[in-house]
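All heavy atoms count here, side chains included; hydrogens, waters and symmetry mates do not.
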Amino acid sequence: MSLSRRTFLQTTAAGVAGLPFLPAVTATDAKLDPNLVRLDSGIEPLVRFLEDTPRDRLVEEVVGKIKKGLPYKDVLAALLLAGVRNVQPRPNVGFKFHAVLVVNSAHLASLASPDHERWLPILWAVDNFKNSQAQTIKESGWRMKSVDEMKLPSARTARKEFVAAMDDWDEAKADAAVAALARTAPANEMFDLFARYGCRDFRDIGHKAIFVANAFRTIGCIGWHHAEPVLRSLAYALLQHEGTNPAKRDAAADVIGRHNADRAKKLGENWLTGRPHVPPTKILTELRSLSADNAAEMVLATVGMGAAVQTVWDGLFLFAAECLMRQPGIVALHTATSLNALRYAFDTCSVEETRKVLLLQAASYMTLFREAMKGRKDKTQDVQIDAVEPASKPMGEADLFALVPKDRMAAARAALKTMQTDSTAADRISAAARKLVFFKGNDAHDYKFSAATIEDYRHVSPPWRNRVLAAAMFNFKGSGENDSGVARRVKAALT
């Protein structure tokens with residue numbers, strides 16, 4: 001669930017050790033709003049620097065600090081904490097809140113980058129934070145307040161009170177309980193709790209589950225001593241809803257999760273011991289037409305008959321990739337990013353009942369995305385991913401990504417042929433796609449999608465994984481697109 005110290009040291013850019021250089025501040029400047037949430041004293045000055053520096057100077061000034069020895073890990077921590085303190089996950093856990101959601105995706109991109117490019121994703125995310133901060137100021141002026149210490153439950157009762165508050169959709173009680181838990185409960189226990197609530201409803205097209213996965217993954221890198229404000233933001237986000245209290249009604253966004261919580265109890269104790277005797281294309285075919293409830297019933301029956309759970313995941317990943325081919329756009333790409341979060345939670349959670357719910361919810365989510373795509377103005381193509389023929393000959397990465405913006409289906413077919421011909425091609429295609437996001441990416445979804453897809457195609461069984469990565473050509477950046485303004489600023493500042 002977290003990076004080991006050795007792994008972090010091995011994957012962090014060389015020469016970025018030492019204490020951060022921070023400018024002097026006056027006594028007046030050093031005074032904090034007593035109602036504002038306090039952060040760890042070691043990171044507070046850097047967070048305030050990100051908050052207070054104007055957007056048009058921030059990238060260059062952060063680069064200046066990097067050159068003076070500001071560690072990567074400190075920038076990552078300050079970026080996440082500035083996000084949760086200054087960007088409200090309301091009215092949607094998305095839109096401007098992507099400044100928080102994208103931090104882990106940018107971090108994963110940085111870890112996989114060569115040393116000389118490692119700062120690009122994080123500095124892009126720093127600039128993106130300033131945009132979201134400005135939007136929040138314009139909309140509401142919201143900032144996270146200090147928790148009411150007098151209302152914190154004891155360590156003995158905090159877990160029970162947190163569960164009750166989340167079940168009742170009670171924001172005030174959940175806020176107090178999660179603060180107490182963050183100070184006393186182990187990280188794995190906290191993840192198990194949040195995994196349950198991150199997938200329970202389909203509001204915000206999967207962003208709640210995404211926030212759960214990305215928050216804990218980033219905390220695992222920056223340290224648990226930074227967890228409390230992040231988990232308070234997370235609880236607040238998971239309780240986002242429309243209308244009256246969801247606990248007192250059967251809203252469409254909630255009812256499928258409640259049904260799947262009941263279905264999960266029907267999966268027997270041997271549900272993880274099945275064999276791959278059912279082809280994943282059977283799951284794929286069913287998902288093209290079934291309702292959310294029937295999709296979960298289909299998974300329940302398939303696993304109940306002894307099919308491997310991996311077969312189900314293979315079918316889900318194929319379906320998500322097919323959605324992108326059918327209708328490239330904002331809804332379809334979230335099939336990939338949501339499925340990435342649900343699969344991470346499934347692999348990380350230690351509570352068997354929650355893992356069962358996650359599997360069933362993943363199937364229901366895919367059909368809900370399919371239906372959401374029908375309401376879009378974008379034309380839907382009649383594409384079946386398992387029937388796509390590879391191109392007649394392989395193609396080098398340069399030609400492949402030059403083709404992307406011109407003919408994405410042709411690029412997908414060429415990528416499929418290339419990977420079938422050369423077992424090392426998938427790694428080169430992934431690296432090239434990631435690098436193009438660094439220089440051409442203009443949106444948090446570029447980072448979120450590429451990070452999710454490049455990670456998840458390896459979770460697919462070998463006979464099918466090339467098709468999942470080839471489908472990503474429908475959303476990867478092309479080499480002919482212009483470099484983003486932030487990328488140009490970063491390159492100039494780092495030179």
For the atom pair [atom1] ([X]) and [atom2] ([Y]), what is the distance rounded to the nearest 0.5 Å?
X	Y	atom1	atom2	result
Phe369	Cys323	CZ	SG	9.0 Å
Gln135	Asn131	CD	CG	5.0 Å
Asn86	Met144	CG	CE	9.5 Å
Asn128	His98	CG	NE2	9.5 Å
Phe211	Ser233	CZ	OG	3.5 Å
Asp483	Arg489	CG	CZ	14.5 Å

Practice task
Could you point out which residue of Val486, Ile66, Leu58 forms a side-chain contact (heavy atoms from CB on, under 4.5 Å) with Leu123?
Solution key: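 Answer to the side-chain contact (heavy atoms from CB on, under 4.5 Å) test with Leu123 among Val486, Ile66, Leu58: Ile66.
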
Problem - Of Val37, Val100, Leu50, Val230, the residue whose pairing with Leu81 passes side-chain contact (heavy atoms from CB on, under 4.5 Å) - result: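 Passing option: Val230.
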
With distance as the sole test, does [X] use its side chain to make a donor-acceptor pair with the main-chain N or O of [Y] at under 3.5 Å?
X	Y	value
Arg90	Tyr236	yes
Ser484	Lys440	no
Gln361	Cys199	yes
Lys130	Thr53	yes
Glu117	Pro114	no
Arg343	Asp456	no

Exercise for the section: Sort and list the pairs that fulfil salt bridge (Lys or Arg N to Asp or Glu O under 4.0 Å) and have at least one residue in residues 185-200, not counting sequence neighbours. Expected result: Arg159-Glu189, Asp167-Arg196

Completion exercise
Applied to residues 91-102, the salt bridge (Lys or Arg N to Asp or Glu O under 4.0 Å) test, sequence neighbours excluded, yields Lys96-Glu139

Exercise for the section: Kindly indicate, with the supporting measurements, whether the criterion ring pair (Phe, Tyr, Trp, His ring centres under 6.0 Å) is fulfilled by Trp169 and His241. Expected result: CA-CA 9 Å; Trp169 295 76; His241 65 87; 5.5 Å; yes

Exercise for the section: Dump the intermediate steps for side-chain contact (heavy atoms from CB on, under 4.5 Å) on Asn214 and Ser105, then the final yes or no. Expected result: CA-CA 8 Å; Asn214 288 4; Ser105 300; 4.1 Å; yes

Please identify each residue that fulfils side chain to side chain donor-acceptor pair (under 3.5 Å) with [X], with sequence neighbours left out.
X	result
Lys208	Asp201
Glu455	Arg217, Asn340
Lys173	none
Glu397	Arg428

Handout entry: Residues Trp119, Tyr72; criterion ring pair (Phe, Tyr, Trp, His ring centres under 6.0 Å); working and verdict
Key = CA-CA 8 Å; Trp119 283 105; Tyr72 171 91; 5.6 Å; yes

Exceeds 12 heavy-atom contacts within 6.0 angstrom, atom [atom1] of [X]:
X	atom1	answer
Lys160	NZ	no
Lys435	NZ	no
Lys145	NZ	yes

side-chain contact (heavy atoms from CB on, under 4.5 Å) partners for [X], two or more places apart:
X	answer
Asp175	Val147, Arg232
Arg156	Ser154
His225	Asp40
Ala472	Phe449, Thr453, Phe476

Problem - Distance-only polar pair, side chains of Ser350 and Asn188, donor-acceptor under 3.5 Å - result: no

Handout entry: Side-chain donor-acceptor contact under 3.5 Å, Asp378 with Gln327
Key = no

Handout entry: Ile256 to Ala292 - nearest heavy-atom pair and separation
Key =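 Distance-wise, the nearest heavy atoms are CD1-CB, 3.9 Å.
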
Are any of the side-chain heavy atoms of [X] and [Y] separated by less than 4.5 Å?
X	Y	answer
Glu51	Val47	yes
Asn35	Arg143	no
Leu359	Phe346	yes
Leu193	Leu181	yes
Trp124	Asp127	no
Phe191	Cys349	yes
Val490	Phe438	no
Tyr344	Val212	no

List, one per line, each side-chain donor-acceptor pair under 3.5 Å for residues 328-338, sequence neighbours excluded.
{"unit_1": "His334", "atom_1": "ND1", "unit_2": "Ile330", "atom_2": "O", "d": "2.6"}
{"unit_1": "His334", "atom_1": "NE2", "unit_2": "His207", "atom_2": "NE2", "d": "2.9"}
{"unit_1": "His334", "atom_1": "NE2", "unit_2": "His445", "atom_2": "NE2", "d": "3.4"}
{"unit_1": "Thr335", "atom_1": "OG1", "unit_2": "Ala320", "atom_2": "O", "d": "3.3"}
{"unit_1": "Thr335", "atom_1": "OG1", "unit_2": "Ala332", "atom_2": "O", "d": "2.4"}
{"unit_1": "Ser338", "atom_1": "OG", "unit_2": "Ile205", "atom_2": "O", "d": "3.3"}
{"unit_1": "Ser338", "atom_1": "OG", "unit_2": "His334", "atom_2": "O", "d": "2.9"}

Practice task
For salt bridge (Lys or Arg N to Asp or Glu O under 4.0 Å), just list the numbers for Glu149 and Arg183, CA-CA rounded to whole Å, side-chain angles, deciding distance to a tenth of an Å, and then say yes or no.
Solution key: CA-CA 12 Å; Glu149 298 288 341; Arg183 300 175 191 183; 2.9 Å; yes

Exercise for the section: For the pair Arg85 and Glu44, evaluate salt bridge (Lys or Arg N to Asp or Glu O under 4.0 Å) and give the outcome as yes or no after the intermediate values. Expected result: CA-CA 11 Å; Arg85 186 157 81 176; Glu44 177 73 48; 2.8 Å; yes

Practice task
Please identify each residue that fulfils ring-ring contact (aromatic ring centres under 6.0 Å, His included) with Phe194, with sequence neighbours left out.
Solution key: Phe162, Phe216

Exercise for the section: Apply side-chain contact (heavy atoms from CB on, under 4.5 Å) to Leu339 and Trp313, showing your working. Expected result: CA-CA 9 Å; Leu339 199 56; Trp313 284 113; 3.8 Å; yes

Problem - Derivation and outcome, salt bridge (Lys or Arg N to Asp or Glu O under 4.0 Å), residues Arg258 and Asp250 - result: CA-CA 9 Å; Arg258 292 169 185 169; Asp250 280 329; 2.6 Å; yes

